[in-house]
Amino acid sequence: MNYDLIERENAVLIKNMLDFDPKHIFECGQCFRWHLEEDNSYTAIAYGKVINVKKDGCDIIFSNTDMKDFRNIWYRYFDLDRDYGEIKRELSKDPILKEAISFGQGMRILNQEPFETTISFIISANNQIPRIKKAVELISNDLGDYAGTWNGKDYFGFPVPEKLANLDANYIKDKYRVGFRAERIKEVSRLVANKEFDLNCIYNLSREEGKNLLTTLPGVGPKVSDCILLFAFDKSDAFPVDVWVKRVMEYFYLKEETNVKHIGMHGARIFGKLAGFAQQYLFYYARELNLGKEKKQVIGNR
DNA sequence: GTCCAGGCTTTCC
DNA sequence: GGAAAGCCTGGA
């Protein structure tokens with residue numbers, strides 16, 4: 001992809017950027033560390049660096065960085081090599097997705113760090129986004145390395161597996177407010193720290209192979225494994241089925257209540273290699289519509 | 001083998 | 001007080 005990149009003091013700017021809206025990217029549920037500032041910019045830490053992202057008209061401003069880090073880290077992190085215009089054109093052949101995309105046209109799928117993503121989505125099980133964010137921040141602030149300060153807030157990286165593996169599960173539960181997920185966090189951290197489980201090898205596996213491997217971890221089932229594969233390992237055919245995607249698929253496609261396994265197979269069948277992108281547009285759409293229980297009841301009458 | 005109810009921590013709405 | 005980006009266990 002060709003971009004009009006401009007280097008400023010402690011910042012990089014992309015002129016006339018299409019398919020990039022911070023709100024759509026950071027509030028579609030794929031990440032838990034992006035902090036909304038008063039000026040509607042977002043700040044986060046990834047790969048040991050603090051960065052602030054702001055949409056300024058048609059331009060995107062990446063602050064607290066330089067061209068070197070932009071090329072080495074952020075270009076891949078923000079998935080800038082992918083043509084989202086082409087993906088949207090293809091998915092828009094489906095009228096339901098065309099509508100969903102109109103709500104979240106600036107969404108992109110991030111390439112996040114494997115261990116942090118794995119633990120974050122283990123925490124996400126039967127949980128709420130504000131609580132997930134709080135737990136990830138508590139863990140990082142307690143165990144992670146200081147990476148910088150932006151707008152008066154200190155940012156700490158997500159810790160290496162050894163740090164979590166060495167803690168008592170009760171300490172993890174009480175200190176980070178993760179409840180029954182504490183044992184799972186400790187055990188997965190231990191397996192990764194001891195090299196009994198190699199996360200990095202998943203980069204070279206298919207979605208199916210990666211899923212078979214990830215679901216051997218405690219706390220990682222079908223949904224969480226698909227999230228890890230999609231948000232950390234670039235498996236864009238992964239189709240995580242959470243309650244929101246379940247509702248939106250039942251309401252618009254299947255026209256009946258069914259189980260998540262059935263919905264997962266249906267999603268893979270109709271969206272194929274683009275299932276992951278479709279899932280993100282649909283997830284954002286379902287939440288924006290607040291497609292809750294009251295609408296499920298309409299299904300039988302359609 | 002598959003399917004599904006019940007339990008799990010804590011907080012947010 | 002019910003529900004929440006689910007997973008695990010055990011019984012049918």
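None of the values given here were measured: they were computed from a predicted structure.
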Discussion item. For A/Phe62, run the ring pair (Phe, Tyr, Trp, His ring centres under 6.0 Å) check against A/Tyr77, A/Phe70, A/Tyr42 and tell me which one passes.
Written reply: A/Phe70
Worksheet, complete the sentence: Rounded to whole Å, CD of A/Gln280 lies from C1' of C/dA5 at a distance of 10 Å
Worksheet item: Is any side-chain N of the basic residue among A/Arg108 and A/Asp19 closer than 4.0 Å to the acidic one's carboxylate O?
Response: no
Discussion item. Going by side-chain hydrogen bond (donor to acceptor under 3.5 Å, both in side chains), name the residues that satisfy it together with A/Lys68, two or more places apart in sequence or in a different chain.
Written reply: none
Worksheet item: Can you check the A/Ile109 CD1 to C/dA5 P distance for me, whole Å?
Response: 18 Å
Discussion item. Within a 6.0 Å radius of atom NZ on A/Lys134, are there more than 12 heavy atoms belonging to other residues, nucleotides or ligands?
Written reply: no
Practice prompt. Please measure how far the P atom in C/dG10 lies from the corresponding atom in B/dT9, and state the result in whole Å.
Written response: 15 Å
Worksheet item: Can you name the side-chain hydrogen bond (donor to acceptor under 3.5 Å, both in side chains) partners of A/Arg33, sequence neighbours left out?
Response: A/Ser140
Worksheet item: For A/Gln105, does the CD atom have more than 12 heavy-atom neighbours from other residues, nucleotides or ligands under 6.0 Å away?
Response: yes
Worksheet item: Just wondering, are more than 12 heavy atoms of other shown residues or ligands nearer than 6.0 Å to CG in A/Asn141?
Response: yes
Worksheet, complete the sentence: DNA chain C nearest-nucleotide lookup for A/Gly219 and A/Gly29: closer to the 5′ end is A/Gly29
Item to complete: Would you mind telling me which residue lines up with the more 5' stretch of DNA chain C, A/Gln279 or A/Pro218, judged by nearest nucleotide?
Response: A/Gln279
Worksheet item: Which is true for A/Leu230 with a 4.0 Å heavy-atom rule: it touches a base, it touches only sugar-phosphate, or it touches nothing?
Response: nothing
Worksheet, complete the sentence: The correct list of stems in which DNA chain B takes part (3 or more consecutive Watson-Crick or G-U pairs, distances under 3.5 Å) is B:2-8 with C:6-12, B:10-13 with C:1-4
Discussion item. Say we look at C/dA5 and B/dC3: how far apart would their P atoms be, to the nearest angstrom?
Written reply: 25 Å
Discussion item. Walk along nucleotides 3-13 of chain B from 5' to 3' and tag each nucleotide B, S or - by protein heavy-atom contact under 4.0 Å, base first, then sugar-phosphate.
Written reply: SS---BBBBS-
Pairs under 3.5 Å (N/O, protein and nucleotides 9-12 of chain C):
none

Discussion item. Can you confirm whether the side chains of A/Asp69 and A/Tyr47 place a donor and an acceptor under 3.5 Å from each other?
Written reply: no
Response to the item:
A/Lys223 NZ to C/dA4 P, in whole Å, measures 13 Å
Worksheet item: At their closest point, which heavy atom of A/Ile122 faces which heavy atom of A/Gly219, and how far apart are they?
Response: CG1-O, 3.9 Å
Worksheet item: Of all the nucleotides listed (C/dC7, C/dG6, C/dC8), which has the minimum atom distance to the side chain of A/Asp242?
Response: C/dG6
Worksheet entry | Trace of the side chain to side chain donor-acceptor pair (under 3.5 Å) decision for A/Asp94 with A/Tyr253 | CA-CA 11 Å; A/Asp94 177 327; A/Tyr253 289 92; 2.8 Å; yes
Worksheet item: Hey, does A/Cys28 reach any base, or is it just sugar-phosphate, or nothing, if we go heavy atoms under 4.0 Å?
Response: base
Discussion item. Run the side-chain hydrogen bond (donor to acceptor under 3.5 Å, both in side chains) test against A/Asp59 and tell me which residues pass, sequence neighbours left out.
Written reply: A/Lys15
Worksheet item: Is the backbone of A/Val248 close enough, under 3.5 Å, to the side chain of A/Lys246 for a donor and an acceptor to pair up by distance?
Response: no
Discussion item. I need the CZ-C1' distance between A/Phe32 and C/dA4, as an integer number of Å.
Written reply: 12 Å
Worksheet item: For C/dA5, does either OP1 or OP2 sit under 4.0 Å from a side-chain N or O belonging to A/Arg247?
Response: no
